[in-house]
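Just so it is clear, the structure is predicted and the values come from calculations on it, not from any experiment. Naming: A, B, ... by sequence-line order, numbering from 1 per chain.
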Amino acid sequence: MNIFRLAGDVSHLVAILILLMKIWRSKSCAGISGRSQVLFALVFTTRYLDLFTVYISAYNTVMKVVFLALSYATVYLIYMRFRNSYDSENDTFRVEFLLIPVIGLSFLENYAFTPLEILWTFSIFLESVAIMPQLFMITKTGEAESITTHYLFFLGLYRALYIANWVWRYHTEGFYDQIAIVSGVVQTIFYCDFFYLYVTRGEEIRTPS
Amino acid sequence: NAVTGRKDEL
């Protein structure tokens with residue numbers, strides 16, 4: 001563990017909590033893409049299948065359980081609890097355009113042709129594009145509430161910090177995880193234009209619709 | 001180095 005990865009995990013947790021609290025407190029999921037949240041729940045589900053078979057550390061196990069629980073709680077709030085505020089009109093990104101290429105690629109590019117490795121690779125590739133429905137929804141509605149922009153900021157920051165973690169681990173322990181790195185760089189690039197808007201425009205984001 | 005099996009990152 002290093003400071004970059006720890007900061008990344010904290011940033012990731014903060015992002016998830018920001019969104020969950022926003023929905024819970026405002027009792028509404030307006031402006032939130034339920035599709036992206038389903039994809040994130042799928043990312044955690046397919047990535048943490050080794051939760052009960054491989055013990056890394058208490059931290060690792062606890063964080064996996066927390067991420068799984070919070071992501072499913074978020075999906076539950078959107079599609080069940082506050083479903084009448086769910087903006088299905090604008091949450092229309094064709095997720096099959098993400099899932100099919102990601103499934104195909106995870107069969108082509110993986111470390112081992114075993115179910116666990118392919119599902120892990122699928123989750124890594126899927127995570128890099130899972131925010132697309134949310135970014136698409138924001139461009140469609142032409143705006144994002146300030147809390148949603150904070151959510152996106154911390155979510156983008158987490159994988160940027162993981163890139164720093166991979167650089168650090170390469171230089172200190174010669175470790176590198178090529179699939180995670182390539183996917184993580186692509187994922188972070190997708191946030192770049194949002195980061196620019198977030199920093200220059202501050203809170204409210206008006207995308208040129 | 002292919003990282004199979006034990007993955008210690010979230």
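With contacts defined as side-chain heavy-atom distances shorter than 4.5 Å, the pair A:Y111/B:K7 qualifies.
Between atom NZ of residue A:K64 and atom CG of residue B:L10 there is a gap of 7.0 Å, rounded to the nearest 0.5 Å.
For A:Y162, the part lying under 4.5 angstrom from a heavy atom of chain B is the side chain only. In this structure, chain B has heavy atoms under 4.5 Å from both the backbone and the side chain of A:N60. Heavy-atom distances place the side chain of A:N165, and not its backbone, under 4.5 Å from chain B.
Listed by sequence position, A:F67 are the residues of residues 65-76 of chain A in contact with chain B, using a 4.5 angstrom heavy-atom cutoff.
For A:Y59, the OH atom sits in a packed shell: over 12 heavy atoms of surrounding residues, nucleotides or ligands are nearer than 6.0 Å.
The residues B:E9 and A:R47 are annotated as not salt-bridged, no charged nitrogen and carboxylate oxygen being separated by less than 4.0 angstrom.
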